[in-house]
Amino acid sequence: MKRALGILLCAAALGQSPAPQNASEPDLAALEQAAQKRYAEWESLAKDLSERMARILPCDPRYAAGITEVSRASEARLAALAEYIRGASVKALAETAAAKILLNAEERRAVEAALERADAGQEQTAVDTQSDALAQSIRQRPSLEDAQKVLEQIAAMTRQRAAAAEQQAGSQDAAVVLLRDLVTKFDARDAALRDESVAFEAERGRWNGYYAARLARAQTECSITQVAPSPSKSPARPRGKR
Amino acid sequence: MRRWRLLTKATMGVLLFGVAGLIAQSGRDTYRQSYNVWRQAHANLERDAAAGATGVIAQVDRAAAAEVSFAATRAAYVGSTAQEAAQRRQLLQTPVMSPSPDLAPPRVAEIVSGELQTVTRTAARFANDPDSGIRQLRQALERERDALTALNNAIQARQKAVAATSVPAAALEQARSRTAGAFADQASQFSQAAAQLEKESAAWADYYERLAKGIQAANAPPPPPVSVTSAAPPRNDSAPGVPLARYVGAWTYPMVNGIFHGAQPEFVDLVVHEQNGHADGTLFARFKLTPGTATDPLVRFDFKGDFGATAVQRFSLVTSDDAQGSIELIPGPAFNLLEVNFQTEPKTNKIRVGNFILVKK
């Protein structure tokens with residue numbers, strides 16, 4: 001369920017990338033800056049909400065307006081944070097997709113490297129065969145000795161290259177193993193991001209619930225202080241008492 | 001000096017223009033096809049060299065040319081493989097995205113805790129108040145307290161999720177760095193392989209040249225007995241050590257990546273014939289000139305002379321405009337390459353010098 005929600009969020013994020021630098025890459029730094037600005041605005045209003053409200057009568061329009069102002073600042077903060085999280089998800093998904101494409105290409109390259117190793121071995125065999133044939137020919141034509149010296153050098157170079165091809169194929173295989181591990185870690189990072197995104201959405205819902213409850217309390221405070229005094233019951237409280 | 005530069009450029013150039021049409025498809029299959037062509041051209045050359053069979057020198061030429069083509073194809077393959085690998089591995093050079101932990105500040109939880117304490121305290125103050133209005137207020141406070149409690153839990157859950165994300169993000173970054181290091185080693189292996197292949201190709205050119213020399217030396221008739229009465233003029237049958245095949249035949253200027261000095265040829269066709277150590281030939285060329293210039297871009301001349309005992313063959317030429325001059329034919333770094341250097345006496349609006357490398361047709 002959590003995973004499905006995460007996927008939905010990522011899919012939504014892909015569809016509405018905010019403030020993109022280009023089509024596929026959101027500007028995370030700008031999104032983070034915006035989120036921090038909205039947080040500072042909200043914090044300055046939220047930190048002393050109770051103290052400020054205590055100085056205003058419940059039915060004073062400034063009372064409900066004060067709560068609504070903090071609530072809106074909270075929504076703006078959470079919206080900016082949601083944009084950042086979406087942007088991070090888009091970037092993360094793009095990185096993971098690129099890593100998987102790279103892995104695919106490197107696995108193909110590993111196959112090619114193995115073939116090149118076989119090619120080098122085949123070339124080495126061909127040069128060795130030539131060397132043997134030339135050695136035979138030199139018995140009849142000593143004038144070919146000069147060529148034989150060069151062919152020996154070529155044979156040495158071919159051997160060296162075959163060894164290098166062997167090493168290259170080996171290191172390519174090792175790099176592919178590292179890359180597979182890297183892709184696994186990309187997936188793990190993305191899963192953690194999805195969890196973070198789900199947790200954020202849950203928190204966002206709770207914030208809305210809290211401000212709704214806070215506003216409901218303000219309305220209750222106002223309504224109970226406006227009720228006409230009951231002659232049969234306790235003496236009336238003064239208007240506006242909290 | 002100029003010639004040296006030109007030949008050095010030619011060594012690089014041969015890797016390019018010989019396979020111009022193959023660059024786009026420089027896959028392994030292409031270079032393997034070139035390899036097979038080379039091996040077929042080479043066949044049993046070493047065995048045939050001993051037999052001194054007719055046409056062995058021509059076979060050496062064909063094998064050398066096929067090797068040059070193979071080397072160029074493979075160099076293109078190695079180059080494009082290295083380039084593609086470097087491009088796609090760029091991803092590993094950039095640190096991976098790690099979400100900012102600053103967006104879940106502890107201050108948020110502090111604010112909520114503060115509110116929760118206030119609301120809880122206030123609700124408790126009205127706990128036993130029987131007044132219906134106060135009861136309503138207490139119930140509203142309790143709902144607010146419940147909302148704050150749920151919010152507090154949600155904030156803690158998100159803070160845990162943010163902390164949990166930083167662990168795989170850090171592990172990912174370490175893995176990226178390690179993987180990038182492994183692939184960086186591969187990049188140096190590619191460049192080493194390219195350098196090695198270049199050396200090998202040069203060695204093959206040297207080998208074929210020495211093989212041809214060895215065969216020629218073996219085929220050469222025994223030296224004539226020294227005779228003091230001989231009045232025959234000295235004659236150059238061929239340049240010692242350089243097969244005539246390095247000069248004789250049809251040559252052309254490559255369509256792409258041609259090597260030249262001075263005026264740039266648009267096309268050049270050169271034919272060199274040999275008979276009894278005597279050379280004759282024709283060169284027909286068109287040069288790319290600055291637009292608006294009055295100079296005639298066409299050059300056509302015939303040349304002739306005897307093959308000398310040096311690698312550089314110089315012959316006298318006469319242009320179609322009766323200008324006198326000379327042409328040098330210089331064997332290139334590979335069997336199928338020939339450097340041409342000509343100059344003529346000055347004539348109004350006529351090109352009088354040219355220097356370029358031709359490839360054997």
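Predicted model, so just to flag it, every value in this text is computed and none were measured. Residue numbering restarts at 1 for every chain, and letters A, B, ... go by the order of the sequence lines.
Among A/Lys47, A/Arg109, A/Gln36, A/Glu106, the residue with the largest count of heavy-atom pairs under 4.5 Å with chain B is A/Glu106. Taking chain A as the reference chain and counting heavy-atom pairs below 4.5 Å, the highest number among B/Leu211, B/Ile155, B/Asp146 is found for B/Ile155. Across B/Pro105, B/Ala85, B/Ala193, B/Ser132, the residue that shares the most heavy-atom pairs under 4.5 angstrom with chain A is B/Pro105. Taking B/Ala157, B/Ala150, B/Ala147 one by one and counting their heavy-atom pairs under 4.5 Å with chain A, the maximum is reached by B/Ala150. The candidate with the highest count of non-hydrogen atom pairs below 4.5 Å against chain B, out of A/Gly205, A/Pro142, A/Ala133, A/Gly209, is A/Ala133. Of the listed residues (B/Ala212, B/Gly181, B/Gly133), the greatest number of heavy-atom pairs within a distance under 4.5 Å of chain A belongs to B/Gly133. Comparing A/Arg204, A/Gln167, A/Glu116 by heavy-atom pairs within less than 4.5 Å of chain B, the highest count is held by A/Glu116. In terms of heavy-atom pairs under 4.5 angstrom with chain B, the leader among A/Asp132, A/Thr184, A/Asp48, A/Ile154 is A/Ile154. With respect to chain B, the highest number of heavy-atom pairs below 4.5 Å among A/Gln160, A/Arg77, A/Gln136 belongs to A/Gln160. Ranked by heavy-atom pairs shorter than 4.5 Å toward chain B, the options A/Ala164, A/Ala216, A/Ala105 are led by A/Ala105.
Under a cutoff of 6.0 Å and an axis angle of 45°, A/Arg189 and A/Phe186 do not form a cation-pi pair.
Looking at A/Phe200, the atoms closer than 4.5 Å to chain B (heavy atoms on both sides) sit in the backbone and in the side chain alike. The part of A/Leu81 that comes within reach of chain B is its side chain, from C-beta onward, which places non-hydrogen atoms under 4.5 angstrom from that chain. Using a 4.5 Å cut-off between heavy atoms, A/Ile138 makes no contact with chain B at all. For B/Leu92, the part lying near chain A is the side chain, with the backbone staying farther off; criterion is any non-hydrogen pair under 4.5 Å. Heavy-atom distances place no part of A/Gln219 under 4.5 Å from chain B, backbone and side chain included. Looking at A/Ala113, neither its backbone nor its side chain comes within 4.5 Å of chain B, counting heavy atoms on both sides. Both the backbone and the side chain of B/Arg107 come within contact range of chain A, judged by heavy atoms closer than 4.5 Å. Residue A/Val127 touches chain B through its side chain alone, counting heavy-atom pairs closer than 4.5 Å. Of the atoms belonging to A/Gln153, not a single heavy atom falls under 4.5 Å from chain B. Residue B/Tyr208: no heavy atom, backbone or side chain, is found under 4.5 Å from chain A. Both the backbone and the side chain of A/Glu123 come within contact range of chain B, each with at least one heavy atom under 4.5 Å from a heavy atom of that chain. Only the side chain of A/Thr220 has a heavy atom closer than 4.5 Å to any heavy atom of chain B. A/Ala175 touches chain B through backbone and side chain together, each having a heavy atom under 4.5 Å away. Contacts between A/Asp181 and chain B at a heavy-atom distance below 4.5 Å involve the side chain alone, from C-beta outward. If you measure heavy-atom distances from A/Thr129 to chain B, you find no contacts under 4.5 Å at all.
If you check the side chains of B/His42 and B/Glu67, you find no donor sitting under 3.5 Å from an acceptor. At a cut-off of 3.5 Å, with distance as the only test, no side-chain donor of B/Arg32 or B/Asn36 sits close to an acceptor on the other residue. One side chain, B/Glu115 or A/Ser50, offers a donor N or O that lies under 3.5 Å from an acceptor on the other.
Judged by distance alone, with hydrogens and angles left aside, the side-chain atoms of A/Thr158 form no donor-acceptor pair with the main-chain N or O of A/Gln124 at under 3.5 Å. Looking at A/Glu95, its side chain does come within 3.5 Å of a backbone N or O of B/Met97 through a donor-acceptor pair. At least one donor-acceptor pair closer than 3.5 Å links the side chain of B/Ser191 to the backbone N or O of B/Ser188. A donor-acceptor contact shorter than 3.5 Å is absent between the side chain of B/Arg88 and the backbone of A/Leu102. The backbone N or O of A/Leu45 lies less than 3.5 Å from a partner atom in the side chain of A/Arg52, making a donor-acceptor pair. A donor-acceptor pair under 3.5 Å is formed between the side chain of B/Glu173 and the backbone N or O of B/Val96. No donor-acceptor distance shorter than 3.5 angstrom exists from the side chain of A/Ser74 to the backbone of A/Val70, with no hydrogens or angles considered.
Residues A/Leu144 and A/Gln148 have side chains not in contact (no heavy-atom distance under 4.5 Å, counting atoms from C-beta outward). B/Arg135 places none of its side-chain heavy atoms less than 4.5 Å from the side chain of B/Asp129.
Taking every heavy atom of both residues into account, B/Ala109 and B/Asn152 meet most closely at O-OD1, 4.3 Å.
Counting heavy-atom neighbours within 6.0 Å of A/Glu107 CD, excluding the residue itself, gives a total above 12. Sparse packing is recorded around CZ of A/Arg206, with 12 or fewer heavy atoms of other residues, nucleotides or ligands lying under 6.0 Å away.
Using cut-offs of 30° and 60° on the angle between ring planes, the pair A/Trp207 and A/Tyr211 is parallel.
Using a cutoff of 4.0 Å between basic side-chain nitrogens and carboxylate oxygens, A/Arg217 and B/Glu144 are scored as salt-bridged.
Against chain A, the residues from residues 159-169 of chain B that qualify, each with a non-hydrogen atom under 4.5 angstrom away, are B/Ala161, B/Val162, B/Ala164, B/Thr165, B/Pro168, B/Ala169 in number order.
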